[in-house]
Peer 1: 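Below: one structure in structure tokens.
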Amino acid sequence: MIRRPRWPGWPALGAAFGLGAIAATGQAPWAMWYLALPAFAAFFQLVLRCGAGAWPGLLFGAGHFGLALSWIVEPFLVEPEVHGWMAPFALFGIAFGLGLFWAAAAAIGRRGGPLGLAAAFTAAEILRSVVLTGFPWALPGHIWIGTPLDQTAALIGANGLTLLTLVAAALPLGAPRAGTAAAVALLGATTAFGLWRLDRPMPDIASAPLVRIVQPNAAQHLKWDEDEVGRIFDRNLALTRGAAPADIVIWPETAFPYLLDRAPNALRAVGAAGQGALVILGAQRTDGGYLGWNSLAVVAPDGSVLETYDKHHLVPFGEYIPFGDLAFEIFGLRAFAAQTGAAYSAGPGPQRIDLGPPFGSFAPLICYEAVFPGILNRVPGRADWIVQITNDAWFGRLTGPFQHFALARLRAIEQGLPLARAANTGITAMIDARGRVVGSLPMGVPGALDLPLPPPLPPTPYHRWGEGPALLLLAALAAALVLRRRLDGPGRPA
């Protein structure tokens, strides 16, 4: 028989929701890990005391994701008179929809005690990262980005950081003194590793190319306005020229305001503005028919396109309609199909673009793709650096751009590669191979950032083995919990 989830009472559910919101303060831009970590511990204790998991887990997740992902309303406010009514439904849907993962984790994990909850929540976050194309945003492990502990991602990735975080939160609950000492030792050891890694010297490079990263600061509601397109394009050209030539210039996502395959004169203007530099830019391109892509292109000084990369991990409902092609084939609903131009087509997959000396090769990421750590592990061959182009104007200016930027920093740490980030409205930055910000432009201002390209590090364990170490640690914890439960006997809690 299937039992109905036990009702824990409104006070417990209210406490769970509040604790979830406190846990969200560990995410950027607040970065208050010292509040988030106790909030996870307090929630685990709440679940164990009230004897129910599903309902508290749902409300805890809703509080966490409702605050952390509150930026989800911003795209609907670009044209509020058209889409504004959908904003509260989007926020409610994502908060409680993602909360279902934590509801299941709490219901299953509470049988294993505090560490059982830590293991179940980690497994739920791994599933959340892949189910329905995945959404690994606002993971518990992300609370450490910007602290020395984030260097552990070079070993075990973001999911490993999540496991470490939740185990540290759970340990004091089973045996207060010994558990607290173990949690302090765990966090202390990983912090010491991070400090050691950050203190290691960087590789020497004879001469690094000068990279110019352009931030046009085009407001989303004006970006495609017929009266503004030319002015924004001229601003990009002026920022590309700068005070002196650079070796390579990077524009943000879709910063080239014309179709790549239909604007040879505009491309020649871009090449001329580079004054001998290669220009990496974001653009839309088509096959001359119905298919279109959100692309990155490398433009030569003569305006020719040397290389292109097509975004392959698209945003559901934002860049494509799920099952849109099937709807077109079966029902003839052209508005839902990528072939009509109402949505993007997906590119073939991760790519490495080799520019030759002195630039080496880079792995391109377009916007949302930087959220997924596994993409860079699937790039053919080892790149020398990462380029992320993005248009974070969709995310507003309060939380979304800062969280997206933090995830880009984590990708650099995981791979041991420098990352150049061009964002339309910010945050534009150069990040070194240990995730440190070498230089950046503030939100909401036009400008260009000129910096030498930092050197890469040797391949990290995460680059070599991906999620393997994190999954192995999770499996070991789960096996230990099962063994302990068998040794304790069926009548005693684990």
Peer 1: Look up atom CD1 in I143 and atom CH2 in W30, then write down how far apart they are to the nearest 0.5 Å.
Peer 2: 13.5 Å
Peer 1: Mind listing the closest non-hydrogen atom pair of E253 and I366 along with its distance?
Peer 2: OE2-CG2, 3.6 Å
Peer 1: I want to check something: taking the side chain as every heavy atom from C-beta on, are Y368 and P316 in contact at a cut-off of under 4.5 Å?
Peer 2: yes
Peer 1: Could you walk me through whether F65 and W137 pass the ring-ring contact (aromatic ring centres under 6.0 Å, His included) check?
Peer 2: CA-CA 9 Å; F65 294 115; W137 196 305; over 10 Å; no
Peer 1: What distance do L472 atom CG and L477 atom CG have between them, rounded to the nearest 0.5 Å?
Peer 2: 11.5 Å
Peer 1: Less than 4.5 Å apart, any side-chain heavy atom of W33 and any of T165?
Peer 2: no
Peer 1: Check whether any side-chain N or O of R128 sits under 3.5 Å from a backbone N or O of F135 as a donor-acceptor pair, and report yes or no.
Peer 2: yes
Peer 1: Hey, does L13 have a side-chain heavy atom less than 4.5 Å from the side chain of P56?
Peer 2: yes
Peer 1: Can a donor-acceptor pair be found, under 3.5 Å and without considering hydrogens, that links the side chain of D310 to the backbone of W293?
Peer 2: no
Peer 1: Could you walk me through whether L69 and L98 pass side chain to side chain contact (heavy atoms under 4.5 Å, CB included), step by step?
Peer 2: CA-CA 10 Å; L69 304 179; L98 297 182; 3.6 Å; yes
Peer 1: Rounded to the nearest 0.5 Å, how far does CG of L163 lie from CD1 of I156?
Peer 2: 7.0 Å
Peer 1: Quick one: side-chain contact (heavy atoms from CB on, under 4.5 Å) partners of I375, sequence neighbours excluded?
Peer 2: H312, H313, P350, L365, E369, F372, R378
Peer 1: Roughly how far, to the nearest 0.5 Å, is OG of S345 from NZ of K311?
Peer 2: 13.5 Å
Peer 1: Check A106 against G53 and note the closest heavy-atom contact, atom names and distance.
Peer 2: CB-O, 3.1 Å
Peer 1: Is there a donor-acceptor pair closer than 3.5 Å between any side-chain N or O of N424 and the backbone N or O of A393?
Peer 2: no
Peer 1: Which is it for L187 and L164 under the side chain to side chain contact (heavy atoms under 4.5 Å, CB included) test, yes or no, and what are the steps along the way?
Peer 2: CA-CA 8 Å; L187 296 178; L164 183 154; 3.7 Å; yes
Peer 1: May I ask you to decide if I413's main-chain N or O and Q151's side chain share a donor-acceptor pair within less than 3.5 Å?
Peer 2: no
Peer 1: Any side-chain heavy atom of L451 within less than 4.5 Å of one from V211?
Peer 2: no
Peer 1: Answer yes or no: is there a side-chain heavy-atom contact under 4.5 Å between T460 and E414?
Peer 2: no
Peer 1: Over all heavy atoms of both residues, which pair between N159 and T122 is shortest? Give the atoms and the distance, please.
Peer 2: O-CG2, 4.1 Å
Peer 1: Under a 3.5 Å distance rule, please check whether T180 uses its side chain to pair with a backbone N or O of R177 as donor and acceptor.
Peer 2: no
Peer 1: For P456 versus L417, what's the shortest heavy-atom pair and its separation?
Peer 2: CB-CD2, 3.7 Å
Peer 1: Look at the rings of F60 and F121 and say which category their plane angle falls in: under 30° parallel, 30 to 60° tilted, over 60° perpendicular.
Peer 2: perpendicular
Peer 1: Report the C-alpha distance between D392 and R421 in whole Å, list the side-chain angles of each, state the deciding distance to 0.1 Å, and finish with yes or no for salt bridge (charged side-chain N to carboxylate O under 4.0 Å, His left out).
Peer 2: CA-CA 11 Å; D392 286 3; R421 186 175 198 267; 2.9 Å; yes
Peer 1: Side chains of L457 and P203: closer than 4.5 Å at any heavy-atom pair?
Peer 2: yes
Peer 1: With sequence neighbours excluded, give me every side chain to side chain donor-acceptor pair (under 3.5 Å) pair touching residues 64-89.
Peer 2: W71-Q403
Peer 1: Which residue is it: T162, L161, L407? I am looking for the one with a side chain to side chain contact (heavy atoms under 4.5 Å, CB included) to H142.
Peer 2: L407
Peer 1: Over 60° means perpendicular and under 30° means parallel, so classify the ring planes of W55 and W7, tilted if in between.
Peer 2: perpendicular
Peer 1: For the pair Q220 (side chain) and P75 (backbone), establish whether a donor and an acceptor sit closer than 3.5 Å, ignoring hydrogens and angles.
Peer 2: no
Peer 1: Nearest heavy-atom pair of G360 and D384: which atoms, and what distance?
Peer 2: CA-OD2, 3.3 Å
Peer 1: Yes or no on side chain to side chain contact (heavy atoms under 4.5 Å, CB included) for I353 and I280, after CA distance, side-chain angles and deciding distance?
Peer 2: CA-CA 11 Å; I353 296 177; I280 299 172; over 6 Å; no
Peer 1: If I take atom CD1 from residue I389 and atom OG1 from residue T254, how far apart are they, to the nearest 0.5 angstrom?
Peer 2: 8.0 Å
Peer 1: Please confirm whether the backbone N or O of P380 pairs with a side-chain atom of R352, one donor and one acceptor, at under 3.5 Å?
Peer 2: yes
Peer 1: Strictly distance-based, threshold 3.5 Å: is any side-chain N or O of Q351 a donor or acceptor partner for the main-chain N or O of V379?
Peer 2: no
Peer 1: Working to the nearest 0.5 angstrom, can you tell me the gap between R409 CZ and R436 CZ?
Peer 2: 10.0 Å
Peer 1: Taking Q215 for its side chain and P442 for its backbone only, find out whether a donor-acceptor pair lies under 3.5 Å.
Peer 2: yes
Peer 1: Are F402 and I427 close enough, and set up right, to give a side chain to side chain contact (heavy atoms under 4.5 Å, CB included), and what steps lead you there?
Peer 2: CA-CA 7 Å; F402 298 95; I427 301 168; 3.5 Å; yes
Peer 1: Would you find a donor on one side and an acceptor on the other, under 3.5 Å apart, between the side chain of D150 and the backbone of G146?
Peer 2: yes
Peer 1: Check whether any side-chain heavy atom of I213 lies under 4.5 Å from a side-chain heavy atom of W251, and answer yes or no.
Peer 2: no
Peer 1: Shortest non-hydrogen contact from L19 to A39?
Peer 2: O-CB, 3.6 Å
Peer 1: Under 6.0 Å between the ring centres of F362 and W385?
Peer 2: yes
Peer 1: Tell me, do L58 and L100 make a side-chain contact under 4.5 Å, heavy atoms counted?
Peer 2: yes
